[in-house]
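What follows is a short report on a single structure.
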Amino acid sequence: MTLRPLVRPPEDQPAFVLVEPQLADNIGFAARAMLNFGLTWMRLVNPRPEWPSERATATASGAAPVLENASVYRSMTEALGDRQVVYATSARPRDLVKRVVTPRQAAAELRAHAAAGTRTAVLFGPERMGLINDDLAPVDAVITCPVNPDFSSLNLAQAVLLIGYEWFQAADETPATELRTGTAALASRAHLESYLLRLETELEECGFLRIPHMRPAMVRNIRALFGRMQLTDQEVRTLHGMLTELVTKRLSANSLEAPETEK
């Protein structure tokens, strides 16, 4: 008997099909990995542990809805009946003429298929030996992760995580780098310039810029240093305050050391 999902996942998602998974823990870990990347369509082919499984729910750590909505099938053919394009994960070389792609390439293709309205699936084999040749023969492509060739075996949940991550990244617009300042605004160039001019004056006064021919390069390097920092307005105010304290202490110390004038 086929158990249908309680809530049908979005059609633009690939179905992640776990073929004869042997451990309830790994099913739960796989569900958790899927939900990390917004994937909710799990299909199970003849799961070895009793199903539903409390152990799988425990290891899913909050991703129980993925398990609750998972469909259970008696055969891989039945599980893939409504799919149009199927990828399969495998680490070992096979005696088959078959296109092999990286997870990143597979993710890009899965996204393209989704945009065209094509229904897709990704197969994951049993923990002990993975998918066999008969499983791989009808698929459109094999996904192989580029890992250490001397130790290429991945846990079921690790494989799910890798494919899920690449699928998510293929459409993610998160910038490669960003400066998070919370509610603080970046300092204006005018505010930073006022500080740098003041700093330059004080460095001149204390003798730090005493070598004339080195002064231009030193000033330029100081400006470049502060230019890289992307300081907030509050940080520039803090620097002003620090400079004020340093100058005040220096002037106070100098006045104490100055000799008394004769009356």
Side-chain angles (χ1 to χ4, degrees), residues 5 7-19 21 26-45 60-67 69-71 76 79-94 96-125 127 130-131 135-136 138-149 151-180:
V7 178
R8 190 172 180 81
E11 283 288 353
D12 62 351
Q13 287 190 8
F16 274 30
V17 183
L18 278 54
V19 179
N26 283 338
I27 299 175
F29 289 138
R32 181 178 182 180
M34 287 176 63
L35 197 55
N36 280 153
F37 303 111
L39 292 159
T40 56
W41 206 328
M42 175 183 280
R43 296 182 177 187
L44 304 173
V45 177
S61 298
V66 176
L67 301 177
N69 293 334
S71 299
M76 197 171 72
L80 299 175
D82 64 337
R83 300 293 91 185
Q84 296 167 295
V85 172
V86 178
Y87 291 76
T89 58
S90 180
R92 297 190 301 275
R94 306 284 183 171
L96 292 172
V97 177
K98 188 67 61 176
R99 191 167 71 96
V100 178
V101 296
T102 64
R104 187 159 301 173
Q105 177 64 27
E109 294 178 10
L110 287 167
R111 288 287 185 178
H113 285 308
T118 303
R119 297 184 299 277
T120 61
V122 180
L123 291 175
F124 299 86
E127 293 92 326
L131 298 169
D135 299 327
L136 297 174
V139 306
D140 295 278
V142 173
I143 305 173
T144 296
C145 300
V147 295
N148 178 6
F151 191 67
S152 59
S153 176
L154 293 175
N155 176 274
L156 171 60
Q158 290 175 318
V160 169
L161 182 76
L162 280 172
I163 307 305
Y165 171 80
E166 292 294 351
W167 179 84
F168 189 85
Q169 287 294 304
D172 184 47
E173 297 181 353
T174 302
T177 180
E178 63 177 323
L179 176 67
R180 295 187 177 181

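Hydrogens, waters and symmetry mates are skipped; everything else that's a heavy atom, side chains included, is used.
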Do [X] and [Y] come close enough that some side-chain heavy atom pair is under 4.5 Å?
X: Ser90; Y: Leu131; result: no
X: Ile27; Y: Leu67; result: yes
X: Pro14; Y: Leu39; result: yes
X: Thr144; Y: Thr102; result: no
X: Met34; Y: Phe29; result: no
X: Gln13; Y: Thr40; result: yes
X: Pro21; Y: Leu44; result: yes
X: Val142; Y: Thr89; result: no

Let me confirm one number: the CD1-CZ distance from Ile143 to Arg104, rounded to the nearest 0.5 Å.
13.5 Å

Calculate, to the nearest 0.5 Å, the distance between atoms CZ and CD1 belonging to Phe168 and Ile163 respectively.
15.5 Å

What's the shortest heavy-atom distance between Gly62 and Leu35, and which atoms?
O-CD2, 4.2 Å

Treating [X] as the side-chain partner and [Y] as the backbone partner, does any N or O pair qualify as donor plus acceptor under 3.5 Å?
X: Gln84; Y: Arg119; answer: yes
X: Lys98; Y: Val139; answer: yes
X: Asn69; Y: Pro65; answer: yes

Does Asp82 pair with Arg43 as a salt bridge, N-O distance under 4.0 Å?
yes

Quick one: sort the Phe124 and Phe16 rings into parallel, tilted or perpendicular, breaks at 30° and 60°.
tilted

List the steps, then state whether side chain to side chain contact (heavy atoms under 4.5 Å, CB included) holds for Leu18 with Val45.
CA-CA 6 Å; Leu18 278 54; Val45 177; over 6 Å; no

A quick test of your reading: do over 12 heavy atoms of other residues, nucleotides or ligands sit less than 6.0 Å from OH of Tyr165?
no

Does CZ in Arg111 sit with more than 12 non-hydrogen atoms of other residues, nucleotides or ligands closer than 6.0 Å?
yes

Residues 151-162 side chain polar contacts: donor-acceptor under 3.5 Å, at least two apart:
from	atom 1	to	atom 2	distance (Å)
Asn155	OD1	Ala157	N	2.8
Asn155	ND2	Asn26	OD1	3.4
Gln158	OE1	Asn155	N	2.7

Are Tyr87 and Leu110 close enough, and set up right, to give a side chain to side chain contact (heavy atoms under 4.5 Å, CB included), and what steps lead you there?
CA-CA 9 Å; Tyr87 291 76; Leu110 287 167; 3.8 Å; yes

Could you please spell out the steps behind the salt bridge (Lys or Arg N to Asp or Glu O under 4.0 Å) verdict for Arg99 and Glu109?
CA-CA 13 Å; Arg99 191 167 71 96; Glu109 294 178 10; 2.8 Å; yes

Go through the steps for Val122 and Trp167 under the test side chain to side chain contact (heavy atoms under 4.5 Å, CB included), then give the verdict.
CA-CA 11 Å; Val122 180; Trp167 179 84; over 6 Å; no

